[in-house]
Enquirer: 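Provided herewith is a single structure, encoded as structure tokens, for subsequent inquiry.
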Number of protein chains: 2
Amino acid sequence: MNTTVLDKRAPEARGSSDTAARILDAAEKLFAEHGFDGTSMRLITSVAGVNLASVNYHFGSKEGLFQEVFRRRLTELNLHRLAMLDRAEAAAAGAPLKPSAVLEGFFGPALDMAADTERGGHTFMRLLGRTYTEPAEFVRKFMADEYAQVVARYTDALYRSLPDVPRAEIMWRFHFMMGAMSYAISGADSLELVTGRFDDDPALLKPRLAAFLLGGLRAPLPDGHGMRGEPARQAD
Amino acid sequence: MNTTVLDKRAPEARGSSDTAARILDAAEKLFAEHGFDGTSMRLITSVAGVNLASVNYHFGSKEGLFQEVFRRRLTELNLHRLAMLDRAEAAAAGAPLKPSAVLEGFFGPALDMAADTERGGHTFMRLLGRTYTEPAEFVRKFMADEYAQVVARYTDALYRSLPDVPRAEIMWRFHFMMGAMSYAISGADSLELVTGRFDDDPALLKPRLAAFLLGGLRAPLPDGHGMRGEPARQAD
DNA sequence: GTATGATTCAAACGAACGTTTGATCTGGAT
DNA sequence: ATCCAGATCAAACGTTCGTTTGAATCATAC
């Protein structure tokens, strides 16, 4: 492996050889485009410009590479989300947050990452949305672990901010919002598929999605099998 | 191929041999579970209980099989959607439809199909949601053709029912709604992934999603980079 | 029965897959 | 100069992939 008890490489290279980084970047892009099974090790290594065997050397296996592609971004993303929530709750001093503040904390960092086309954030978010729908056996437990705490914190915050909405409803609406976000990110690609060519300012995506999510989250509750009910009471 | 100029088989078997049907059912289930690349011909034929070569005989290739799995369900689904819209528009006699009626016409048939766990509708809808996020090259054009007319009709109807909402906004919100629906259908599978075990009455899904979608569709417009704006005016 | 075309079958094809191997290279420590 | 662990490399491993082949089977028309 690349890190042992005695690592004699130069400090700036320790823990992230150029080779490993090139592999991760190429893999992220290719997995997002063609999926896990659709992307061969030979394609990854040829795009990265490294030797075929170096993936197994640095990451153990193709699955190990896939997990590492996820880990490096998802950990950062979820830490960011938790920090946003911490800050908002500290500022509220015990009072329930506004729903819009909760949504901003959870979906804001994801959309910001998706807007970053230079450092590969956009590529990763497309991969994430895609993987959520095709939960490869060996990713599920990993994803569950990474997400468990974040989702628990945020659904709690949502419940406190909308006390009239039952918990089960909060869970479902959270799920619906994740779907909308996922499609928002795959965005133009799929929109073209269904609507023909489609040009738009990427900067408008975030407010657009925020408005939609907030409207859905605060919608009147269903009454059983119709769609009427009293609006959930909460300013903003 | 199975249909030639002179087909001498019994009428009840013409055009859909038992073998072909068994292959389609097995393939639908396996593609939904493991994706296109993750499902081998040998697995499909062994689950279907037919000879390996029969896929190429009946469908030409693996891709041909995949397309036929989509075609048989998607054609029916979209015809159903168009019929719903025709009926609603005829009843309205030229007046704009209520947004809830438009949504019911588009998302209702899909959710109904997703609720059908016996005839395989649920399986197919999971496959559809999944494929939308991983648009295999050779499916895109096919999907675009199948969807073009339906989406055009429905976005027109939505625009007429919400004249204060700009067309671009309608397109995006339609896209967001498709994402929410897709996740709603993958539903419990993914919810468990993120929230731990989760039990719920499947019959409640439709009203739940309907309420959420309607709230999002009718949300106040974004103002550029915040999330405020006047509500879109429309009763219901 | 015999002929005929549709269908099924076991077997094999070459190509591509993920992984392993053992040699070779590299650069700092002694 | 020597050593040695980390890193890279070309080559090969055995397996699985989608597809093709040619013979066997089946059902129908004559």
Side-chain angles (χ1 to χ4, degrees), chain A residues 1-27 30-31 33-69 136-139, chain B residues 1-27 30-31 33-69 136-139:
Chain A
M1 289 298 284
N2 59 340
T3 50
T4 57
V5 189
L6 291 172
D7 192 330
K8 302 182 175 181
R9 286 171 299 162
E12 72 275 10
R14 199 181 304 134
S16 70
S17 77
D18 187 52
T19 298
R22 293 168 65 86
I23 292 173
L24 284 172
D25 290 340
L30 293 167
F31 283 146
E33 271 177 42
H34 310 111
F36 180 76
D37 290 310
T39 305
S40 71
M41 305 268 279
R42 284 167 174 81
L43 180 57
I44 295 171
T45 50
S46 85
V47 167
V50 303
N51 185 272
L52 169 61
S54 54
V55 171
N56 295 83
Y57 178 78
H58 285 283
F59 303 101
S61 67
K62 189 185 181 184
E63 293 196 357
L65 169 61
F66 192 77
Q67 298 222 35
E68 180 58 22
V69 166
E137 208 102 350
F138 69 94
V139 197
Chain B
M1 290 296 285
N2 59 340
T3 49
T4 57
V5 188
L6 292 172
D7 192 332
K8 301 182 175 181
R9 285 172 299 162
E12 71 275 10
R14 200 181 303 131
S16 69
S17 76
D18 186 52
T19 298
R22 295 167 62 86
I23 291 173
L24 284 172
D25 290 341
L30 293 168
F31 283 148
E33 272 177 41
H34 310 110
F36 180 77
D37 290 310
T39 306
S40 71
M41 304 268 281
R42 285 166 174 84
L43 181 57
I44 295 171
T45 50
S46 84
V47 167
V50 302
N51 186 271
L52 169 62
S54 54
V55 171
N56 295 83
Y57 178 76
H58 285 283
F59 304 100
S61 67
K62 189 184 180 184
E63 293 196 357
L65 168 60
F66 193 77
Q67 298 221 36
E68 180 57 23
V69 166
E137 208 104 348
F138 68 95
V139 197

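Numbers restart at 1 for each chain; the letters A, B, ... are given by sequence-line order, proteins then strands. Values below: all heavy atoms of this structure, side chains included; hydrogens, waters and symmetry mates excluded.
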Enquirer: In whole angstrom, give the distance that lies between atom OH of A:Tyr57 and atom C1' of D:dC9.
Expert: 13 Å
Enquirer: So how far is it from A:Phe31 CZ to A:Ile44 CD1, rounded to the nearest 0.5 Å?
Expert: 4.0 Å
Enquirer: Let me confirm one number: the CG-OH distance from B:Asn51 to B:Tyr57, rounded to the nearest 0.5 Å.
Expert: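 Spacing of CG (B:Asn51) from OH (B:Tyr57) equals 12.5 Å.
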Enquirer: What heavy-atom pair brings A:Ser61 and A:Val55 nearest, and what distance separates the two atoms?
Expert: O-CG1, 4.2 Å
Enquirer: Would you mind telling me which of C:dT8, C:dC17, D:dT8 lies closest to the side-chain atoms of A:Ser40?
Expert: C:dC17
Enquirer: Just to verify, what does A:Glu33 make a side-chain contact (heavy atoms from CB on, under 4.5 Å) with, not counting sequence neighbours?
Expert: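 Checked A:Glu33 against side-chain contact (heavy atoms from CB on, under 4.5 Å); matches are A:Lys29.
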Enquirer: Let me check the geometry of the helix from C:dG1-D:dC30 to C:dT30-D:dA1. What is the bend angle between the axes at its two ends, five pairs each, to 10°?
Expert: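 The end-segment axes of the helix from C:dG1-D:dC30 to C:dT30-D:dA1 are tilted 10° relative to each other.
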Enquirer: Rounded to the nearest 0.5 Å, what separates atom NZ in A:Lys62 from atom OG1 in A:Thr39?
Expert: 6.5 Å
Enquirer: Return the value, rounded to whole Å, for the distance between atom CE of B:Met41 and atom C1' of C:dC13.
Expert: 14 Å
Enquirer: For B:Glu68, enumerate each residue passing the side-chain hydrogen bond (donor to acceptor under 3.5 Å, both in side chains) test, keeping only those at least two apart in sequence or located in another chain.
Expert: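 Applying side-chain hydrogen bond (donor to acceptor under 3.5 Å, both in side chains) to B:Glu68 gives B:Arg71.
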Enquirer: Could you state the NZ-P distance from B:Lys62 to C:dA15, rounded to the nearest angstrom?
Expert: 19 Å
Enquirer: Identify whether any heavy atom of A:Thr39 sits under 4.0 Å from a base atom; if not, whether one sits that close to sugar-phosphate; answer base, sugar-phosphate or nothing.
Expert: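 It contacts sugar-phosphate atoms only.
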Enquirer: For B:Ser46, what residues pass the side-chain contact (heavy atoms from CB on, under 4.5 Å) criterion, not counting sequence neighbours?
Expert: B:Leu43
Enquirer: Any side-chain heavy atom of A:Asn56 within less than 4.5 Å of one from A:Met41?
Expert: yes
Enquirer: Suppose we screen for side-chain hydrogen bond (donor to acceptor under 3.5 Å, both in side chains). Which residues come up paired with A:Asp25, at least two apart in sequence or across chains?
Expert: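 If we apply the side-chain hydrogen bond (donor to acceptor under 3.5 Å, both in side chains) test to A:Asp25, skipping adjacent residues, the hits are A:Arg72.
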Enquirer: For D:dG6, does OP1 or OP2 lie under 4.0 Å from any side-chain N or O of A:His58?
Expert: no
Enquirer: Taking only side-chain nitrogens and oxygens of B:Ser54, does any of them come within less than 4.0 Å of OP1 or OP2 of C:dT8?
Expert: no
Enquirer: With 3.5 Å as the limit, what N/O pairs link the protein to nucleotides 11-13 of chain D?
Expert:
none

Enquirer: Could you check how far CD1 of A:Ile44 sits from P of C:dT19, rounded to whole Å?
Expert: 10 Å
Enquirer: At a cut-off of 3.5 Å, list every protein nitrogen or oxygen paired with a nitrogen or oxygen from nucleotides 24-26 of chain D, distance to 0.1 Å.
Expert:
none

Enquirer: Rounded to whole Å, please give me the gap between CG in A:Asn56 and C1' in D:dT8.
Expert: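 In whole Å, D:dT8 C1' and A:Asn56 CG are 13 Å from each other.
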